[in-house]
There are 2 protein chains.
Amino acid sequence: MTVGIKDVALAAGVSVATVSRVIGNGPVSEALRSRVEDAIRATGYRPNLSARRLRSQHSQTIGLIVSDIRNPFFTAVSRAVEEAAYHAGMRVILCNSDENPERELLYLRLMQEERITGLIFAPTRTTLDGLDGIGLDFPVVLIDRGGPSGGHDAVVLDNAQAAATLVDHLHAQGYRRIAGLFGNTSTTGVERHDGYRAAMAARGLEADARFIPPYAEAAETEVARWLGGPDRPDAVVVSNSLLLMGVVKAVRGLGLSIPGDLALAGFDNEPWTELVGPGLTVIEQPVHDIGRTAMELLFERLDAPARPARKVVLSGTCVVRGSTAGSKSLAGAAVP
Amino acid sequence: MTVGIKDVALAAGVSVATVSRVIGNGPVSEALRSRVEDAIRATGYRPNLSARRLRSQHSQTIGLIVSDIRNPFFTAVSRAVEEAAYHAGMRVILCNSDENPERELLYLRLMQEERITGLIFAPTRTTLDGLDGIGLDFPVVLIDRGGPSGGHDAVVLDNAQAAATLVDHLHAQGYRRIAGLFGNTSTTGVERHDGYRAAMAARGLEADARFIPPYAEAAETEVARWLGGPDRPDAVVVSNSLLLMGVVKAVRGLGLSIPGDLALAGFDNEPWTELVGPGLTVIEQPVHDIGRTAMELLFERLDAPARPARKVVLSGTCVVRGSTAGSKSLAGAAVP
DNA sequence: GTTTTCAGTGTAATCGTTTTCAGAATGCCG
DNA sequence: CGGCATTCTGAAAACGATTACACTGAAAAC
């Protein structure tokens with residue numbers, strides 16, 4: 001038989017209300033408080049969170065839905081979120097959607113049943129579009145995928161600018177045939193593509209972009225074909241680290257060198273990017289800040305439900321490494 | 001006002017019991033069932049999980065405590081666990097202990113308050129020792145760190161054998177001065193060290209092992225010092241991927257080459273190990289199997305609480321890559 | 001034709017807390 | 001010394017579901 005608040009009350013010779021007040025730091029005389037605390041220790045009492053949540057109507061729980069926790073970006077964000085949550089005395093429910101709208105719906109439903117306090121969510125494009133129609137009764141903060149400033153708070157990277165930075169950097173290093181490889185499920189891919197395209201246009205270069213599914217294998221086969229074809233690029237901007245990995249594999253598979261045969265620039269400064277080949281040039285996202293800011297937005301929203309939605313745009317830092325060191329193209333460009 | 005089971009009952013013209021039975025697939029006539037289902041849809045009713053758990057005394061929740069979800073090993077395991085859990089209609093509570101015994105205690109307490117059904121746990125050595133004294137009222141399955149076959153179910157890698165495999169492989173490639181670098185917080189470090197030491201002894205080689213805190217930086221400085229010292233090894237067996245990363249950094253920082261100046265063999269076949277330098281030789285752990293097996297053990301334990309504890313030992317696969325390609329030592333060994 | 005089953009349904013008790021409300025005790029003031 | 005805040009404390013009513021139990025009517029068994 002598990003010990004409940006009644007048993008503690010009995011042991012301490014007080015009412016259950018008093019025990020509850022001791023736990024919740026309510027007004028209790030010192031004498032009783034210590035008697036109750038002794039009783040709690042003696043009985044090994046642990047409050048039942050389900051009962052507590054039911055009665056108090058506070059779940060003290062925030063939901064976190066990401067596409068895949070194995071993506072280091074989300075791993076890092078989730079740690080930041082959890083840290084902030086536990087500091088605020090809250091719990092986190094983590095769900096992996098696998099970029100699958102059905103699973104997202106399933107988990108949104110779960111969140112409602114858990115009566116969560118608020119949600120931090122990195123939705124697919126399809127779910128993002130229908131989000132307002134679902135009738136969620138808790139605030140939502142979008143991360144990573146902001147969308148076109150819908151009615152929700154959001155914290156995102158300045159994707160367009162980051163992509164443009166990479167293009168500019170490659171251009172400055174003398175590369176001209178700069179291709180782009182983007183994931184096709186999230187809005188980040190779209191935004192980064194836009195930035196890429198704009199920067200290319202600004203330089204008077206011809207854009208050559210492809211959208212593919214967010215798997216390393218997809219990138220690998222795509223790039224292998226690309227490098228064998230007629231429109232062979234001499235540099236590639238890659239939309240995320242998973243795809244970047246695929247590209248590296250393809251290049252190595254073909255026995256080509258980085259940056260000699262193909263320069264590479266991507267997103268997410270993961271530890272290994274420093275160690276691969278000459279080091280990979282990447283945009284470093286402020287992952288921890290993203291998680292923390294999302295929690296801040298959420299808390300502020302809970303404080304003031306009526307305030308207009310805000311979108312926080314953080315900018316990334318360009319970490320330059322050997323994978324974009326100039327360049328035979330530079331020499332080539334000097335010829336004519 | 002949130003809609004409760006009463007509102008649904010009212011809308012459908014039935015009692016709350018009937019609504020509850022519809023939800024729980026209890027015995028209800030077809031006519032009423034569809035009327036209730038319509039009412040649920042119409043009202044947008046979502047059952048309150050706290051209430052349900054309180055009354056039914058089933059939390060349908062399993063706990064998962066790991067040291068750090070950013071460690072790809074645990075990331076992968078957690079996905080496997082979640083997958084199995086959601087298949088069984090259960091939820092997962094994930095906690096990061098950061099290898100900190102205090103936090104572990106904190107989270108164990110949380111688990112009790114959540115009245116979880118069972119726990120999957122990768123404990124530090126200190127917590128493992130005191131685990132029986134805590135009086136947990138749910139079954140525990142240990143992962144990654146089994147300990148000396150305590151009273152708990154566990155699923156672990158055959159660490160000693162895996163480490164020995166790496167030593168044997170390095171020996172076969174002609175290396176003789178084979179050092180070992182191990183994490184000092186978990187039992188895995190200890191077991192891998194034992195395997196390393198035994199294999200070295202069996203070959204008549206002198207072991208040279210060091211235990212360090214589980215951070216890449218620690219490995220980096222340690223190895224930098226090591227390579228500058230008099231006992232400079234020509235190969236290193238490294239206990240986990242975080243440390244392995246540190247070692248690679250150190251070697252590159254010193255401008256040395258792999259495997260020319262130092263051969264490397266480690267644990268965990270993460271995607272990037274294939275891409276670094278000539279590729280890193282590693283022991284691949286069956287991460288997904290570990291998670292799945294842990295859940296299976298847990299379910300079986302729930303079925304049969306009395307059955308004696310079982311320890312499942314899985315073996316890893318040695319993935320050979322360039323970082324252990326033989327070797328100037330081989331030439332050296334041929335001289336005398 | 002009467003008695004048993006039995007499937008389907010409703011009523012009310014229950015899970016373990018928090019919280020409202022009212023009462024008891026204390027101190028202060030006039 | 002009586003009245004009035006002020007502070008603690010306890011009894012009892014929620015919270016929103018599940019489930020034990022009693023009941024109904026129809027079908028089956030005698």
Side-chain angles (χ1 to χ4, degrees), chain A residues 1-37 39-40 43-61 89 91 109-117 137, chain B residues 1-37 39-40 43-61 89 91 109-117 137:
Chain A
M1 289 298 84
T2 121
V3 24
I5 203 172
K6 266 185 215 158
D7 306 288
V8 177
L10 202 67
V14 299
S15 74
V16 293
T18 301
V19 177
S20 174
R21 280 191 269 260
V22 168
I23 297 170
N25 275 321
V28 188
S29 68
E30 260 327 301
L32 284 200
R33 176 176 299 269
S34 64
R35 239 171 56 208
V36 169
E37 279 166 352
I40 289 180
T43 54
Y45 168 69
R46 291 283 149 229
N48 181 320
L49 285 182
S50 292
R52 187 200 286 254
R53 284 199 271 261
L54 172 59
R55 174 59 234 229
S56 68
Q57 302 286 67
H58 293 332
S59 67
Q60 302 287 57
T61 298
R91 217 168 33 100
R109 208 138 45 213
L110 174 68
M111 297 299 166
Q112 295 184 280
E113 300 186 353
E114 291 277 4
R115 302 293 192 267
I116 63 169
T117 309
D137 39 7
Chain B
M1 290 297 83
T2 115
V3 23
I5 202 172
K6 267 185 217 160
D7 306 289
V8 178
L10 201 67
V14 299
S15 75
V16 294
T18 301
V19 177
S20 175
R21 280 190 270 259
V22 169
I23 298 170
N25 277 320
V28 188
S29 67
E30 259 328 300
L32 284 200
R33 174 176 301 269
S34 63
R35 237 167 62 206
V36 169
E37 279 166 351
I40 290 180
T43 54
Y45 167 70
R46 293 280 150 233
N48 181 319
L49 284 184
S50 292
R52 186 202 288 253
R53 285 199 271 260
L54 171 60
R55 174 59 233 231
S56 68
Q57 303 287 64
H58 292 333
S59 67
Q60 302 287 58
T61 298
R91 218 169 33 96
R109 210 136 45 212
L110 174 69
M111 297 299 167
Q112 294 183 280
E113 301 187 352
E114 291 277 4
R115 303 291 192 268
I116 62 168
T117 309
D137 39 6

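All chains are named by letter (A, B, ...) in the order of the sequence lines, taking the proteins before the strands, and each is independently numbered beginning at 1.
For B:Gln57, there are no side-chain contact (heavy atoms from CB on, under 4.5 Å) partners, not counting sequence neighbours. Shown here are the side-chain contact (heavy atoms from CB on, under 4.5 Å) partners of B:Glu37, two or more places apart in sequence or in another chain: B:Val22, B:Arg33, B:Arg41.
Taking CG from B:Leu110 and CZ from A:Arg46, the interatomic distance works out to 10.5 Å, rounded to the nearest 0.5 Å. Here the straight-line distance linking atom OG1 of B:Thr61 with atom CE of B:Met111 works out to 10.0 Å at 0.5 Å rounding. Here the straight-line distance linking atom OG1 of B:Thr117 with atom NE2 of B:His58 works out to 8.5 Å at 0.5 Å rounding.
Heavy-atom distances under 4.0 Å link DNA chain C to no residue of residues 29-37 of chain A.
Residue pairs satisfying the side chain to side chain donor-acceptor pair (under 3.5 Å) criterion with at least one member in residues 47-56 of chain A, sequence neighbours excluded, are listed as follows: A:Arg53-B:Glu114.
Using a 4.5 Å heavy-atom threshold, the side chains of B:Asp137 and B:Gln112 count as touching.
The minimum heavy-atom distance linking A:Tyr45 with A:Val3 is given by the pair CD1-O, 3.5 Å.
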Q. Just by protein heavy atoms under 4.0 Å, how would nucleotides 15-20 of chain C read 5' to 3' in B, S and -?
A. BBBBBB
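Here chain A contacts DNA chain D (any atom closer than 4.0 Å to a heavy atom, that is under 4.0 Å), and the contacts span D:dC8 to D:dG16 from 5' to 3'.
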Per-pair distances, 0.1 Å, donor-acceptor, side chain in residues 5-21 of chain A, under 3.5 Å, sequence neighbours excluded:
from: A:Asp7; atom 1: OD2; to: A:Gly4; atom 2: N; distance (Å): 2.6
from: A:Ser15; atom 1: OG; to: A:Ala17; atom 2: N; distance (Å): 3.4
from: A:Ser15; atom 1: OG; to: A:Thr18; atom 2: N; distance (Å): 3.4
from: A:Ser15; atom 1: OG; to: A:Thr18; atom 2: OG1; distance (Å): 3.3

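Stem analysis of DNA chain D (at least three stacked-register Watson-Crick or G-U pairs, each with both distances under 3.5 Å) gives C:1-30 with D:1-30.
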